[in-house]
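Residue numbers run from 1 in the order of the sequence given.
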Amino acid sequence: MPALPHSATPTAPAVPPSLALPVIETAFPRQLHPYWPRLQVNTRTWLLEKRLMPADKVAEYADGLCYTDLMAGYYLGAPDAVLQAIADYSAWFFVWDDRHDRDIVHGRPAAWRRLRLALHTALEAPRAHLHHHDPLVAGFADSVLRLFSFLPQTWNARFARHFHAVIEAYDREFRNRTEGIVPGVEEYLALRRLTFAHWIWTDLLEPSAGCELPDAVRKNPAYRRAALLSQEFAAWYNDLCSLPKEIAGDEVHNLGISLIVHRGMTLEEAVEELRRRIGECVTEFVVAEREALRFADGLEDGTVRGKELAVAVRSCVTNMRNWFSSVYWFHHESGRYRVDSWDDRSTPPYVDNETAGEK
């Protein structure tokens with residue numbers, strides 16, 4: 001992969017053979033939104049202003065975690081303000097994921113329950129929670145309120161409905177980990193679609209394209225198939241890359257772990273099965289992408305609205321393709337997955353391990 005002129009790294013990172021996907025490196029060229037340099041600076045500042053990470057953690061780790069790179073490689077063509085709101089929300093999501101993990105590790109069910117309920121409430125009334133005492137709730141309210149400013153209320157309601165389901169899926173993960181329950185493979189796959197927030201990231205393609213898609217378009221099998229495959233690839237590739245980190249941290253939610261526990265596979269067999277499924281996602285997406293683009297062509301019926309919808313669908317499908325390369329390189333650039341370099345393989349160095357969830 002040629003180095004990007006404004007990339008956080010001067011050259012493409014080395015990818016371990018067990019994680020390498022030559023098809024992504026050759027057939028899914030990587031791009032970054034031209035706003036990326038400002039995006040990185042502004043999200044770093046936002047994390048500080050909202051007190052979502054301690055200042056020393058932001059200074060040492062924020063840029064190296066590459067959260068803004070991930071979003072800047074996905075939502076190409078988005079207006080700068082839209083991309084900034086998405087990037088801040090994405091950074092918040094990672095911090096929330098870390099809080100969830102630390103509440104489990106340190107046995108804080110009451111703190112998690114308070115947070116879960118506060119997030120549900122803030123999702124319905126974000127403006128009323130901008131000054132919540134928990135920075136995680138206040139930061140969430142801020143990012144959601146900004147996301148809600150781009151498209152009509154119908155889009156906002158759908159986003160809220162999808163994220164309520166994500167919060168509840170995180171609660172199921174909390175209970176599973178607390179009780180040591182490894183979900184079966186099919187149960188895990190269904191849960192993963194929620195905890196990875198498949199439909200949230202897909203929803204955000206629409207403000208990036210500047211157009212809310214009607215149900216008949218979003219639920220068209222060609223469009224929905226391409227969207228699902230792009231998200232499944234991301235979730236399963238994340239599972240492949242984070243497997244060592246999650247085994248070290250006594251996680252129970254990883255497709256590899258479910259395959260080992262419920263299908264009797266060895267670690268090596270589980271890794272190979274993960275790679276097989278990931279490869280199928282890529283192959284099937286190429287077919288689904290063609291069908292989705294044909295569907296977009298068919299929306300052009302000579303009307304202004306038909307043209308608008310066709311342009312928006314093409315934008316969304318193109319960015320589904322961008323998700324593959326963005327996810328792939330993120331996992332090899334971000335310090336989030338460099339578990340072998342941590343002093344304690346079960347404790348990420350970028351988390352506020354002592355005080356998270358206690359305020």
Side-chain angles (χ1 to χ4, degrees), residues 1-33 36 39-40 63-77 83 86-87 90-91 93-94 97 192-193 195-198 200-202 204-205 208 226-246 254-256 270-289 316-340:
M1 179 194 76
L4 292 157
H6 53 266
S7 176
T9 53
T11 58
V15 179
S18 63
L19 304 177
L21 299 175
V23 66
I24 299 298
E25 299 181 24
T26 58
F28 288 74
R30 187 191 190 189
Q31 305 175 70
L32 284 181
H33 195 290
W36 173 81
L39 189 72
Q40 186 181 57
D63 289 354
L65 289 168
C66 299
Y67 296 158
T68 55
D69 302 47
L70 179 63
M71 295 297 109
Y74 185 14
Y75 297 102
L76 274 292
L83 184 62
I86 292 173
S90 170
F93 202 117
F94 280 110
D97 186 73
R192 185 63 161 147
R193 288 179 187 130
T195 57
F196 198 83
H198 281 24
I200 290 293
W201 307 120
T202 303
L204 289 169
L205 292 167
S208 299
L228 179 61
L229 285 166
S230 73
Q231 293 298 322
E232 297 280 57
F233 167 83
W236 298 348
Y237 192 69
N238 175 267
D239 279 3
L240 180 65
C241 293
S242 61
L243 189 55
K245 169 178 174 277
E246 294 181 341
N254 185 293
L255 180 53
V271 166
E272 187 57 35
E273 174 63 10
L274 269 169
R275 286 183 60 87
R276 185 190 68 77
R277 289 176 182 241
I278 290 164
E280 284 186 351
C281 270
V282 178
T283 302
E284 292 175 14
F285 174 79
V286 172
V287 176
E289 177 187 36
C316 292
V317 174
T318 298
N319 281 336
M320 291 172 195
R321 164 174 276 270
N322 289 332
W323 192 222
F324 285 81
S325 59
S326 193
V327 163
Y328 181 76
W329 291 110
F330 167 71
H331 281 85
H332 304 297
E333 292 175 348
S334 174
R336 194 172 178 87
Y337 304 99
R338 293 179 190 153
V339 63
D340 289 334

Quiz prompt | L240 and H331, any side-chain heavy atoms less than 4.5 Å apart | solution = no
Quiz item: Salt-bridged, R276 to E280, with N to O below 4.0 Å?
Solution: yes
Quiz item: What residues, two or more places apart in sequence or in another chain, satisfy side chain to side chain contact (heavy atoms under 4.5 Å, CB included) together with T318?
Solution: N322
Exercise. Identify the two heavy atoms, one from G256 and one from A270, that lie closest to each other, and give their separation to 0.1 Å.
Key: O-CB, 3.7 Å
Quiz item: So which of C241, C66, P13 actually passes side chain to side chain contact (heavy atoms under 4.5 Å, CB included) with S334?
Solution: C66
Quiz item: Would Y67 and Q40 count as having a side-chain donor-acceptor pair, cut-off 3.5 Å?
Solution: no
Practice problem: Search all heavy atoms of A87 against all heavy atoms of M71 and return the closest pair with its distance. | Solution: CA-CG, 4.0 Å
Quiz prompt | Nearest non-hydrogen partners of S325 and P29, listed with the distance | solution = OG-O, 3.8 Å
Exercise. Give the minimum heavy-atom separation between D69 and S326, together with the two atoms involved.
Key: O-OG, 3.7 Å
Quiz item: Are the aromatic ring centres of F233 and F285 under 6.0 angstrom apart?
Solution: no
Quiz prompt | Heavy-atom donor-acceptor pair, D239 side chain to N254 backbone, under 3.5 Å | solution = no
Exercise. For N238 and R336, test the side chains for any donor-to-acceptor distance below 3.5 angstrom and give the result as yes or no.
Key: no
Practice problem: Would you check if the side chain of N319 reaches a backbone N or O of L76 as a donor-acceptor pair within less than 3.5 Å? | Solution: yes
Quiz item: Is any side-chain heavy atom of W323 less than 4.5 Å from a side-chain heavy atom of L70?
Solution: yes
Quiz item: Taking the side chain from Y237 and the backbone from I278, do they hold a donor-acceptor pair closer than 3.5 Å?
Solution: no
Self-check item: Donor-acceptor contact present, side-chain S230 to main-chain A227, <3.5 Å
Solution: yes
Quiz prompt | Residues L65, F94; criterion side chain to side chain contact (heavy atoms under 4.5 Å, CB included); working and verdict | solution = CA-CA 10 Å; L65 289 168; F94 280 110; over 6 Å; no
Quiz item: So, is the end of the R321 side chain (NZ or CZ) under 6.0 Å from the ring centre of F28 and within 45° of the ring's axis?
Solution: yes
Quiz item: When you look at L205 and Y74, which way does the side chain to side chain contact (heavy atoms under 4.5 Å, CB included) test go after all the steps?
Solution: CA-CA 9 Å; L205 292 167; Y74 185 14; 3.7 Å; yes
Exercise. Find the distance between CD1 (I86) and OG1 (T68) and round it off to the nearest 0.5 Å.
Key: 13.0 Å
Quiz item: Does a side-chain N-to-carboxylate-O contact under 4.0 Å join E232 and R192?
Solution: no
Quiz item: If you take all heavy atoms of L229 and A288, which pair is closest and at what distance?
Solution: CD1-CB, 3.9 Å
Quiz item: Which is it for H33 and L39 under the side chain to side chain contact (heavy atoms under 4.5 Å, CB included) test, yes or no, and what are the steps along the way?
Solution: CA-CA 9 Å; H33 195 290; L39 189 72; over 6 Å; no
Exercise. With the side chain counted from C-beta on, respond yes when L83 and S208 share a heavy-atom pair under 4.5 Å apart, and no when they do not.
Key: no
Quiz prompt | Check against side chain to side chain contact (heavy atoms under 4.5 Å, CB included), Y328 and V23 | solution = CA-CA 11 Å; Y328 181 76; V23 66; over 6 Å; no
Quiz prompt | Heavy-atom closest contact (S18 atom, R275 atom, distance) | solution = O-NH1, 2.7 Å
